**Student:** 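I'd like to ask some things about the structure below.
The model shown is predicted, which means the values in this text are computed figures rather than measured ones. FYI, the numbering just counts along the sequence from 1.
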Amino acid sequence: MEIIVASVIFICCYVFIMIEQINRAVVTLTGGVLLLLTGIYSAERMLTEYIDWNTIALLFSMMVLIAITEKTGLFAFIAIRFAQKVKGDPIPLLIGAGVLTGIGSALLDNVTTVLIFVPIMLKITKLLKLPSFPYLLMIIFSSNIGGAATLIGDPPNIMIGQAVEHLTFSSFLIHMAPIAIMMFGVMLLFVLALFRKSLRRADFDVKELLAMNAQAYLHRTPMLYQSITVLLLTITGFLLHAFLYVELTTVALSGAVLLLLLTEKELASGKIFEKVEWVTLFFFIGLFTLVGGLEEVGVIDEIARAIIVITDGDYVQTVLLILWVSGLFSGIVDNIPFVAAMIPVVQEFESYGMVYLDPIWWALALGACLGGNATLIGASANVVVTGLAEGAHEKISFIRFMLYGFPLVIISLVVSTIYIYFRYLVPYIG
């Protein structure tokens, strides 16, 4: 009965998220409350085990940093300079947005990268009178693909790296970066094929764009230099966190609090907190509670364990099924709780006689990262982009996104299957 109740609540909430008639944060929070009222789990378990407060704190911290930095005009300055570099041409702008987001997601993490790039891209599209959807789509796709390339790029990779000691930063770079680069090229062709004809230069005077003085948008007050310094320090902390043995959340919180302290006289903290995307944060909290309900009653664990039953312990089939199940399932629920449920299951595979688990870990990482492109709730970066877009009155429809995202995920999984089969499974079979 508990399995039925938790599943029905999850499916109903998912339907309401898709039809977008009620605020998505209210929908997921309602689902969490219903799980409490029906006794699926206790409030203590919900708050201590199922809500990932590290992710919430990381998002909140970066939103504070970005909100303060935006007040300095830095993002407007970068947006104008970027638009001038490509002479307002929509296609190079689309490609540039993808390349920069992909690199940023690999070196930082995809959530941080989209928090930085989305405000810039929204300003550029508004400036050039271009539709924002293709560019936001490109940023989401690039962030998830770029994030797959490194240990710190995407939360699922971080979780897998923490669970398996020998999968280091260099291991992810060697094994995940090649397929991420390959998939980025495929995705670029996919997006260009979809939007190339529709992205034409709007009625905008290029001479006027080139004549714009980007420097004039910078507010040269102490807050500008404080923001740039703290933002750079935070980014450096992200890059070095594995060597400094400091968690990403600690780095982000430290940067946010430091910048709040430094800028308090120039900009009241209350004004900054008003700019935080609270709807996005509460949506995440609600989403964690919903998936927590499925975890509590054992739905996710049963799906994971069924893999062994279906493949009858066959190594090749198990690896490829892990790839496809994690890819498709990560599009339905956020990939963070899904990977959290899958890690102990993969570790149990050793008891079934599977000694060499590395290809299974790479399959899980690839599926979770690339599968996140399927829907707006498939990955943390997607939810953040949606929240930022709504804040700028550029709403992204759940169904519209899925019509583009789901086909890309199928293509990604096909390419990943070929990569994994020939790189890991053919040598193993041989």
**Student:** Identify the two heavy atoms, one from Val299 and one from Ile3, that lie closest to each other, and give their separation to 0.1 Å.
**Tutor:**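 Here Val299 and Ile3 meet closest at CG2-CG2, 4.0 Å.
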**Student:** Considering all heavy atoms of both residues, which atom of Arg24 and which atom of Gly387 are nearest to each other, and what is their separation?
**Tutor:**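 What the structure gives for the nearest pair is NH2-CA, 3.4 Å.
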**Student:** Return the set of residues passing ring pair (Phe, Tyr, Trp, His ring centres under 6.0 Å) with Phe16 (not counting sequence neighbours), or none when no residue passes.
**Tutor:**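 So Phe16 forms no ring pair (Phe, Tyr, Trp, His ring centres under 6.0 Å) with any residue.
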**Student:** Going through the distances and angles, do Phe10 and Ile332 end up as a side chain to side chain contact (heavy atoms under 4.5 Å, CB included)?
**Tutor:** CA-CA 11 Å; Phe10 180 86; Ile332 299 170; 4.1 Å; yes
**Student:** Under the ring pair (Phe, Tyr, Trp, His ring centres under 6.0 Å) rule, collect the residues that match up with Phe284, sequence neighbours excluded.
**Tutor:**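 Checked Phe284 against ring pair (Phe, Tyr, Trp, His ring centres under 6.0 Å); zero matches.
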**Student:** Ring centres under 6.0 Å, that's the criterion: do Phe60 and Trp278 meet it?
**Tutor:**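 When the ring centroids of Phe60 and Trp278 are compared, they turn out to be within the sub-6.0 Å range.
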**Student:** Show your working on side-chain hydrogen bond (donor to acceptor under 3.5 Å, both in side chains) between Trp53 and Thr249 and close with a plain yes or no.
**Tutor:** CA-CA 9 Å; Trp53 293 110; Thr249 304; over 6 Å; no
**Student:** Keeping Thr263 on the side-chain end and Glu266 on the backbone end, is there a donor-acceptor pair under 3.5 Å?
**Tutor:**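 The answer is no, because no donor-acceptor pair under 3.5 Å joins these two groups.
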**Student:** Are any non-hydrogen side-chain atoms of Ile22 and Thr30 less than 4.5 angstrom apart?
**Tutor:**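 The answer is no, as the side chains (C-beta and beyond) never meet within the 4.5 Å cut-off.
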**Student:** Locate the shortest heavy-atom distance separating Ala252 from Leu58; write the atom from each residue and the value.
**Tutor:**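 Looks like CB-CD1, 3.5 Å.
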**Student:** Filter on ring-ring contact (aromatic ring centres under 6.0 Å, His included), then keep only pairs touching residues 89-136, sequence neighbours left out; what's left?
**Tutor:**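 Found Phe133-Tyr404.
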**Student:** Any non-hydrogen side-chain atom of Leu74 less than 4.5 Å from a side-chain atom of Leu218?
**Tutor:**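 Of all side-chain heavy-atom pairs linking Leu218 with Leu74, at least one is under 4.5 Å.
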**Student:** Quick one: do the Glu296 and Tyr50 side chains pair a donor with an acceptor below 3.5 Å?
**Tutor:**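 There is such a pair between these side chains.
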**Student:** Between Asn23 and Phe283, is there a side-chain heavy-atom distance shorter than 4.5 Å?
**Tutor:**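 SC-SC contact between Phe283 and Asn23 ruled out.
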**Student:** Apply side chain to side chain contact (heavy atoms under 4.5 Å, CB included) to the pair Thr221 and Thr72, showing each step before the final yes or no.
**Tutor:** CA-CA 8 Å; Thr221 64; Thr72 66; 5.7 Å; no
**Student:** Please report the C-alpha distance between Met138 and Met121 in whole Å, then the side-chain angles of each, then the deciding distance to 0.1 Å, and finally whether the side chain to side chain contact (heavy atoms under 4.5 Å, CB included) criterion is met.
**Tutor:** CA-CA 11 Å; Met138 174 64 87; Met121 193 50 59; over 6 Å; no
**Student:** Closest heavy-atom contact between Gly331 and Ala374?
**Tutor:**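 So the minimum-distance heavy-atom pair works out to CA-CB, 3.8 Å.
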**Student:** Quick check: closest heavy atoms across Phe190 and Pro407, and the distance to 0.1 Å?
**Tutor:**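 For Phe190 versus Pro407, the nearest heavy atoms are CZ-CB, 4.3 Å.
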**Student:** Please check this pair: side chain of Gln21 against backbone of Ile19, looking for a donor-acceptor N/O pair closer than 3.5 Å.
**Tutor:**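 Checked: pair present.
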**Student:** I'd like to check the salt bridge (Lys or Arg N to Asp or Glu O under 4.0 Å) partners of Lys123; sequence neighbours left out, ordered by chain and number.
**Tutor:**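 Lys123 satisfies salt bridge (Lys or Arg N to Asp or Glu O under 4.0 Å) with Glu70 once adjacent residues are dropped.
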**Student:** Between Tyr419 and Tyr424, is a side chain to side chain contact (heavy atoms under 4.5 Å, CB included) present by the stated rule, with each step listed?
**Tutor:** CA-CA 8 Å; Tyr419 175 79; Tyr424 304 111; 4.0 Å; yes
**Student:** With rounding to the nearest 0.5 angstrom, report the CE to CG distance, Met183 to Leu408.
**Tutor:**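 Going from CE on Met183 over to CG on Leu408, the span is 5.5 Å.
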**Student:** With Asn144, which of Thr101, Asp154, Asn382 fulfils side chain to side chain donor-acceptor pair (under 3.5 Å)?
**Tutor:**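 Only one option passes, and that is Asn382.
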**Student:** Output all residues satisfying ring pair (Phe, Tyr, Trp, His ring centres under 6.0 Å) with Phe406, sequence neighbours left out; order by chain, then residue number.
**Tutor:**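 With sequence neighbours excluded, Phe406 shows a ring pair (Phe, Tyr, Trp, His ring centres under 6.0 Å) to no residue whatsoever.
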**Student:** For the residue pair Thr168 / Ser171, report whether a side-chain donor-acceptor contact shorter than 3.5 Å exists.
**Tutor:**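 The answer is yes; a qualifying pair exists.
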**Student:** Considering all heavy atoms of both residues, which atom of Gly32 and which atom of Leu290 are nearest to each other, and what is their separation?
**Tutor:**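 Reported closest heavy-atom pair: N-CD2, 4.3 Å.
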**Student:** Tell me, please, which residues at least two apart from Thr236 pass side-chain contact (heavy atoms from CB on, under 4.5 Å).
**Tutor:**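 If we apply the side-chain contact (heavy atoms from CB on, under 4.5 Å) test to Thr236, skipping adjacent residues, the hits are Leu240.
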**Student:** Taking atom CZ as the centre, does Arg423 end up with more than 12 heavy-atom neighbours from other residues, nucleotides or ligands that are less than 6.0 angstrom away?
**Tutor:**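 More than 12 within 6.0 Å, yes.
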**Student:** Donor-acceptor pair, Ser105 side chain versus Gly102 backbone, under 3.5 Å?
**Tutor:**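 Not confirmed, Ser105 side chain does not pair with Gly102 backbone.
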